[in-house]
Amino acid sequence: MSQPLINAESAAAEIAKRSGVPAHDVALVMGSGWVSATDALGTPKFECDAHELPGFLAPAVEGHSGKVRSYEIIENGKTVRVLVFLGRTHLYEGKGMEPVVHGVRTAVKAGCKVVVLTNACGGINTNYKVGQPVLIRDHISLTAASPLEGANFVDLTDLYSKRIRAIVKGEDESLAEGVYVHWRGPTYETPAEILMMRGMGADLVGMSTVPEAIAAHALGAEVLGISLVTNAAAGVTGEKLNHEEVIAAGKAAADRMGKLLKNVIPKLV
Ligand code: HPA
């Protein structure tokens with residue numbers, strides 16, 4: 001096994017030991033502004049600071065609190081163990097790719113068969129409104145960075161699982177689906193870059209999710225990606241972009257997002 005996977009196994013073993021939960025079923029990565037959506041999941045059975053676990057870095061961005069929690073959702077007599085990451089590491093932090101995908105690799109090693117990735121994003125598609133959740137149907141990577149190395153020719157035709165998207169749409173048929181562009185950041189895009197992305201067929205743009213989706217899928221997990229449109233992308237309205245606006249839009253939508261996650265998660269495994 002490669003060193004990154006050995007590190008993920010140690011972190012998973014530490015989570016099992018400290019939480020008393022031998023295996024989890026679903027992982028949930030909460031992006032910018034999504035943290036308060038976890039209130040809908042109830043009281044966690046376990047919580048620790050992510051950086052106490054092997055391989056996790058301290059968080060760099062305000063609004064990303066860097067915690068790992070274990071929740072139990074019981075529905076119709078079925079117990080689903082959910083491993084929640086509050087905050088994530090981004091490529092723009094300059095720490096390389098391994099810490100960016102360490103959380104999802106840890107989750108898969110902890111038993112998770114489904115990985116739910118949430119994020120805040122800019123809306124390129126002008127039909128989208130601020131505060132609207134959008135299911136990720138596919139992605140375009142503009143970072144030229146992959147979490148995989150070597151002759152590892154992984155198929156990505158069903159990266160954002162069609163099966164899972166159908167289940168989520170069964171819960172809320174008004175949900176839109178879109179193509180997410182991964183932009184390295186930390187600058188937001190220029191208006192010209194947004195025009196280029198729209199021409200490529202993109203609907204959403206953000207600075208996360210894509211490496212984690214690839215790393216989780218390569219280990220055999222099914223992936224669900226949900227973006228919350230926190231602002232119109234650069235140049236769409238002429239307004240300037242700022243991080244406070246992104247966090248505030250996340251908080252405003254937290255209730256709806258939390259309920260959606262709580263209802264959908266038990267149906268995924
Ligand atoms: N661009 C990139 N990342 C983002 C944006 C955006 O407009 N909004 C929230 N994250």
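Only this structure's heavy atoms are used, side chains among them; waters, hydrogens and symmetry mates stay out. Note that ligands are numbered from 1 as they come in the structure, with each ligand's atoms numbered from 1 the same way. Fair warning: this is a prediction, and the values are worked out from it, not measured in the lab.
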* Asked: Transitively linked via ILVMFWY side-chain contacts under 4.5 Å: Val264 with Ile74?
  -> no

* To do: Under the ring-ring contact (aromatic ring centres under 6.0 Å, His included) rule, collect the residues that match up with Tyr160, sequence neighbours excluded.
  => His139

* Residues which pass ring-ring contact (aromatic ring centres under 6.0 Å, His included) with His24, listed by chain and number, not counting sequence neighbours -> none

* Minimum-distance pair of heavy atoms, taken over all atoms of Val134 and Glu177 -> CG1-C, 3.8 Å

* To do: Using a cut-off of 6.0 Å, state whether more than 12 heavy atoms not belonging to Lys45 lie near its atom NZ.
  => no

What are the atom names and distances for all N or O pairs under 3.5 Å between ligand 1 and the protein?
from: ligand 1; atom 1: 1 (N); to: Glu189; atom 2: OE1; distance (Å): 2.9
from: ligand 1; atom 1: 1 (N); to: Glu189; atom 2: OE2; distance (Å): 3.1
from: ligand 1; atom 1: 7 (O); to: Asn231; atom 2: ND2; distance (Å): 2.9
from: ligand 1; atom 1: 8 (N); to: Gly122; atom 2: N; distance (Å): 3.4
from: ligand 1; atom 1: 8 (N); to: Asn231; atom 2: OD1; distance (Å): 2.7
from: ligand 1; atom 1: 10 (N); to: Ala120; atom 2: O; distance (Å): 3.4

* Pairs where residues 183-203 contributes a residue and the test ring pair (Phe, Tyr, Trp, His ring centres under 6.0 Å) is met, not counting sequence neighbours -> none

